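To keep things clear, I will list the structure first and then write my remarks on it.
None of the values given here were measured: they were computed from a predicted structure. Both counts, for ligands and for their atoms, begin at 1 and track the order of listing.
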Amino acid sequence: MKVVKTKDSLSAELAVTRQNGRSIVLVPTMGALHAGHLDLVRKGKAVGDVVVCSIFVNPTQFNDPKDLEKYPRSLDEDLQKLESVCCDVAFIPETEEMYSAHELGLDSASATLADAPTPWNLDLGVLDEILEGRHRPEHFQGVSQIVYKLFNAVRPDLAIFGQKDLQQFKVVERMVALKGLKVELVMAPIVREPDGLAMSSRNVRLTPLGRQQALAFYRTLEEINRRYARVRSGESSLAELRNFANQTLTNSEGISLEYFAICDRDTLLEADESTPPDNLVALVAGWVDGVRLIDNMLLTGDSN
Ligand code: AMP
């Protein structure tokens, strides 16, 4: 595996791949890699020729500076894990490689109009106002900005993202459409711990008790999925499901609920009885041990 730190060395590394007409797959991550990330890399190897995994803790997507500071970092282990799944290139830029001081708001005194960057303000529509967009102001502006930069640096044919961050996937889709980029986006299913907790880099910050308490998110999603069968057969309603989940999670020890929602998978707007029954997703976000966790589940009504 090649480890590269600059955009120039990345271009040089990928030039031959491109010349030979081989496809390039990008898996963007913020590191502290777990089996969910490695699954994306494996999928990349299955669908493309050369897989680039980026590890970059993107400062512009953290609306809370403490969260950025506490974000787990484990570069040496990450690189070993990437080797173990035959990743071809690890792109591990420093912050300065991806952002000018300007873009980080660090040199406003010396800024001149000529070198001022284009301010990043993408029209993400309602995605910026609902769910994660509502609870993490500026988060998706930062996400779309860094993914745009990574797409420009790597120029991938394909990029793989996890369903774990479903709204992020929609944001990237929108960014790609608005910017007219030629990249195919692939979404991979959520990888879970054996007990159901969605894998997340942030899980390492949970205490053993918090780790147990956090299971309430998965268990509630599962129960909602089971109960969804009764909505489909007309015995229950989406309103009942929402009430049940909100009550369960509000009463769950150790959990501070931010939102629970049942939405249309395509638009992420609140689902109603007119939403096609195969197109629903339940999404949840909340805090355990001062750690913010998110999860979601596509509703099928199956009790598996
Ligand atoms: P992150 O490093 O958390 O920014 O995540 C990098 C990529 O890995 C994103 O596309 C995430 O959606 C994806 N990802 C994170 N956790 C999981 C998981 N448990 N299962 C599958 N994909 C995941």
ask   = Protein residues near ligand 1, heavy-atom distance below 4.0 Å?
value =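 Its neighbours under 4.0 Å (heavy atoms only) are P28, T29, M30, H34, G36, H37, L40, Y71, F161, G162, K164, D165, Q168, P189, I190, V191, M199, given by chain and number.
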request  = Keeping the roles fixed (side chain from K81, backbone from L33), state whether a donor-acceptor pair exists under 3.5 Å.
outcome  =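 Yes: the side chain of K81 pairs with the backbone of L33.
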query = So does D295 pair up with R192, basic N to acidic O under 4.0 Å?
reply =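 Here D295 pairs with R192 in a salt bridge, since their nearest N and O are under 4.0 Å apart.
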Ionic contact status for D165 with K170, cut-off 4.0 Å =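 Not counted as a salt bridge, because no side-chain N and carboxylate O are separated by less than 4.0 Å.
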inquiry  = Tell me whether the NZ or CZ atom of K5 lies within the 45° cone about the ring axis of F91 and under 6.0 Å from its centre.
reply    =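 No - K5 does not lie over the ring of F91 by the 6.0 Å and 45° rule.
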query = Is the NZ or CZ atom of R242 positioned over F260's six-membered ring, under 6.0 angstrom from the centre and within 45° of the axis?
reply =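 Cation-pi check for R242 and F260: fails.
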request  = Determine whether the side chains of N58 and Q61 contain a donor N or O and an acceptor N or O closer than 3.5 Å.
outcome  =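 The criterion, which ignores hydrogens and geometry beyond distance, is satisfied for Q61 and N58.
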